[in-house]
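Report on the following structure.
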Amino acid sequence: MPETVLPEGAAVADAPIPPAPDDVHTRVIDWFAEAARDLPWRRPECTPWGVLVSEIMLQQTPVVRVLPRWEEWLHRWPTPAACAAAPSAEILTVWDRLGYPRRALRLQAAAEAIVERHDGEVPADPEALRALPGIGEYTAAAVSCFAFGIPEVVVDTNIRRAHARIFTGVALPGQTYTAAQRRLARDLMPDTDDDGGRRACAWNAATMELGALICTARSPQCAICPVADLCAWRAAGSPPPTEEQKTRGQAWAGTDRQVRGAIMAVLRRGEPVQAETLLAGLPLPEAEDDQRRRCLDSLVRDGLAERRGDIVALPGVLGG
DNA sequence: AATTCGGGGAA
DNA sequence: TTCCCAGAATT
């Protein structure tokens, strides 16, 4: 804020005027109709289970890496019941290197809960979805909206960024999902009175796609953006992100996540191995013995590995 | 509100 | 190297 005191009622020069939501709705939804990617979990024949699997896999993992794993997963386990009945080791193997393998176990646990609590059918109610393992606020809303057409407020990282630029006029939304951002997203939802929520769901999907394809984090394609002339961030001169808005990079080299990942890569080969051989053979010369052992222990605690005596394997393969 | 939890491809 | 990706669970 400048030190200068402005006249009463005068607009602050830097404060962008947010566009009318209705105008943005029409532009973005029309753009989506012609520019949307043909993703398999968007096809009309995709089941709610297929949508649910895609949403879990897409948590922090890019679309291009999810695609082949999703196809394999749905081919093997076309229903929650089939997934629930699978060996956990197979679950983790098919998950492969999507990352955060606890998601795979939680997805199977969700499938089990769906069989037990919902007669094997993915629930449409967002509260019922939210109660399933691995399903939080975003995923519950997304499944409810994309699989069942229920006009929930869907807010992912793409939508937060698009909202921040178009309506708030800042480069990036910041690291944490604030109450103000949640309120903004809710206020921006199209009316559901007329069409029962069809337009609201289209708005969710379209805004997400806009953030993924046009309004990207690094170099947004404003030249081909359907709302460039309405965008508050553009109107403000496309100011760069502040230090507060920048995401502080997560360290990777030397972290437990790296060591755990290296251990899981070995276990995914399928053969039980000696703990000492496994830990000594990790391609991480920097890692101390203490860290290697700690990470293996944590994997066992997380149910991602099983240990009997000196032998370690994926869960279930060591038998009773 | 801050941390932890994988992994890879592009800037 | 750093950044970013359809987040969730835990503290």
Side-chain angles (χ1 to χ4, degrees), chain A residues 32 36-37 39-42 50-70 92 95-107 109-110 129-147 152-163 171-179 181-182 185 201 204-213 215-220 241 244-268 283-284 294-295 298-299 301-304:
Chain A
F32 182 70
R37 291 168 291 180
L39 301 174
W41 44 85
R42 286 179 177 163
V51 174
L52 173 52
V53 172
S54 79
E55 293 299 344
I56 300 291
M57 289 183 169
L58 287 164
Q59 291 168 1
Q60 299 292 283
T61 303
V63 166
V64 286
R65 289 176 51 200
V66 164
L67 280 168
R69 296 298 90 207
W70 184 89
L92 292 170
W95 189 264
D96 196 34
R97 290 173 296 178
L98 283 182
Y100 298 139
R102 294 191 293 193
R103 288 184 296 164
L105 295 185
R106 287 176 183 151
L107 176 54
L129 287 162
R130 181 65 183 79
L132 298 173
I135 297 190
E137 178 178 351
Y138 160 76
T139 304
V143 172
S144 195
C145 181
F146 301 146
E152 287 296 304
V153 182
V154 177
V155 184
D156 77 324
T157 183
N158 288 313
I159 291 177
R160 286 209 303 137
R161 186 175 55 251
H163 288 174
L172 292 172
Q175 309 89 320
T176 53
Y177 182 34
T178 65
Q181 290 172 17
R182 185 180 288 102
C201 283
N204 284 332
T207 308
M208 194 176 307
E209 191 76 338
L210 187 75
L213 298 183
C215 198
T216 55
R218 244 170 282 179
S219 46
E244 186 71 13
Q245 291 164 351
K246 290 181 182 175
T247 65
R248 43 175 173 275
Q250 307 176 58
W252 170 244
T255 61
D256 284 2
R257 282 191 356 268
Q258 185 186 32
V259 175
R260 284 164 56 104
I263 294 173
M264 289 302 294
V266 174
L267 296 182
R268 258 189 253 105
L284 300 170
R294 177 159 46 81
C295 286
S298 74
L299 288 171
R301 277 198 304 278
D302 290 344
L304 290 163

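Lettering of chains follows the sequences in order, A, B, ..., and the numbering in each one begins at 1. As the structure is a computational prediction, the values presented were derived from the model and not from experiment.
Comparing Glu55(A) and Arg106(A) against DNA chain C, the residue whose closest nucleotide sits nearer the 5' end is Glu55(A).
For dA9(C), the OP1/OP2 oxygens have a side-chain nitrogen or oxygen of Arg130(A) closer than 4.0 Å. The side chain of Thr139(A) places an N or O atom within less than 4.0 Å of a non-bridging phosphate oxygen (OP1 or OP2) of dA8(C). When the side-chain nitrogen and oxygen atoms of Arg161(A) are compared with OP1 and OP2 of dC5(C), one or more of them lie within a distance under 4.0 Å.
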Under the rule of Watson-Crick or G-U wobble with both distances under 3.5 Å, where | means paired to another strand and [ ] a crossing pair, DNA chain B maps to |||||.||.||

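Listed by first then second residue, pairs satisfying ring pair (Phe, Tyr, Trp, His ring centres under 6.0 Å) with a partner in residues 51-70 of chain A read Trp41(A)-Trp70(A), not counting sequence neighbours.
Contacts of Thr216(A) classified as side-chain hydrogen bond (donor to acceptor under 3.5 Å, both in side chains), with partners at least two apart in sequence or in another chain: none. Partners of Leu213(A) by side-chain contact (heavy atoms from CB on, under 4.5 Å), not counting sequence neighbours, listed by chain and number: Trp31(A), Arg37(A), Glu209(A). Not counting sequence neighbours, the partners of Ala141(A) by the side-chain contact (heavy atoms from CB on, under 4.5 Å) test are Glu152(A), Val154(A). Residues meeting the side-chain contact (heavy atoms from CB on, under 4.5 Å) test with Arg106(A), sequence neighbours left out: Arg102(A), Pro133(A). In this structure Glu137(A) satisfies the side-chain hydrogen bond (donor to acceptor under 3.5 Å, both in side chains) test together with Arg182(A), sequence neighbours excluded. Not counting sequence neighbours, the partners of Thr139(A) by the side-chain hydrogen bond (donor to acceptor under 3.5 Å, both in side chains) test are Gln59(A).
The residue Trp41(A) sits close to a base: some heavy atom pair falls under 4.0 Å. Across all strands, Ala142(A) comes closer than 4.0 Å to no nucleic acid atom at all (heavy-atom distances). Among the protein residues, Leu39(A) comes within range of the nucleic acid bases, having at least one heavy atom under 4.0 Å from a base atom.
A gap of 16 Å separates the P atoms of dT11(C) and dG6(B), to the nearest Å. Atom name P, nucleotides dT4(B) and dA6(C): the rounded distance is 24 Å, in whole Å. One P atom belongs to dG8(B), the other to dA8(C), and the distance between them is 23 Å to the nearest Å.
Closest of all the heavy-atom pairs between Ser298(A) and Arg260(A) is OG-NH1, 2.7 Å.
Here the side chain of Arg103(A) pairs no donor or acceptor atom with the backbone of Trp95(A) at under 3.5 angstrom.
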Readout for nucleotides 1-11 of chain B: B = base within 4.0 Å of protein heavy atom, S = sugar-phosphate only, - = neither; 5' to 3' it is ----BBBS-BS

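When the P atom of dA9(C) is taken as reference, atom CG of Leu107(A) falls 12 Å away, rounded to whole Å. In this structure, Gln175(A) atom CD and dC5(C) atom C1' are separated by 16 Å, rounded to whole Å.
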